[in-house]
Amino acid sequence: GDGKPDATLRFANGVPQRVEEDTNGDGKPDRIVAYHANGQPARVDEDTNGDGKPDLVAEFEADGGKKSEDQDQNGDGKPDARIYYSGGQKVRTEEDSNGDGRIDIVTDWAGDVIVKRRADTDGNGSYDTESTYEKGVERKQVRDANQDGRPDAVVTFDSRGERELEQYD
């Protein structure tokens, strides 16, 4: 070894409390796991790009099921995606797709299959496009470009996701 710890484990009454790991050998912890009192992981922070900031933060229920996960996908040190779980299944994702610090895409899931997606395509903070899905295939997209509460464009798709009908107002 290099004389630097690759892993530090802390316990209370024989139950893990915290684990710090240096997985890339730079002498700094890049994976930290905090535990619930029952020994199940409560939170995992991972720095995957070596900048010293977590790129992935996962939180867990006391029974071990994942509750949420924050991801820094563009390496700016701030989360730009959050995934919510229920019963171990992904149920919702929220994304900042343009890097402005605001959520602009919200997706609902059922059994890891997309059900609905809402998007703020013009960056004004309001969702102007909503897509609904069947069996993971987009079937309908409604857009309210001028945000008057009425659809300006409706596009329907067949079971393969091919455009079927477009209507514009």
Are any of the side-chain heavy atoms of [X] and [Y] separated by less than 4.5 Å?
| X | Y | answer |
| --- | --- | --- |
| Gln141 | Thr129 | yes |
| Arg92 | Val106 | yes |
| Asp22 | Lys28 | no |
| Tyr127 | Ile103 | yes |
| Asp45 | Asp47 | no |

*Identify which one of Asn24, Asp55, Asp30, Asp72 satisfies the side-chain hydrogen bond (donor to acceptor under 3.5 Å, both in side chains) criterion when paired with Thr48.*
Asp55
Residues forming a side chain to side chain donor-acceptor pair (under 3.5 Å) with [X], sequence neighbours excluded:
| X | answer |
| --- | --- |
| Gln89 | none |
| Gln40 | none |
| Arg10 | none |
| Arg82 | Asp70 |

Test of understanding: with salt bridge (charged side-chain N to carboxylate O under 4.0 Å, His left out), list the residues that count as partners of [X], not counting sequence neighbours.
| X | result |
| --- | --- |
| Glu46 | Arg31 |
| Asp152 | none |
| Glu130 | none |
| Arg118 | Asp108 |

*Which residues satisfy the side chain to side chain contact (heavy atoms under 4.5 Å, CB included) test with Val113, sequence neighbours excluded?*
none
*Hydrophobic cluster mates of Val115, side-chain heavy atoms under 4.5 angstrom, ILVMFWY only, any path?*
none
_Remaining members of the apolar cluster that contains Leu9, side-chain heavy atoms under 4.5 Å_ = Phe11, Val19, Val33, Tyr35, Val44, Phe60
*Going by an N to O cut-off under 4.0 Å, is there a salt bridge joining Asp2 and Lys4?*
no
*Answer yes when Arg160 and Asp158 have at least one side-chain N-carboxylate O distance shorter than 4.0 Å, and no when they do not.*
yes
*Hey, could you give me each pair passing salt bridge (Lys or Arg N to Asp or Glu O under 4.0 Å) that has a residue in residues 135-145? Not counting sequence neighbours.*
Asp128-Arg143, Glu134-Arg139
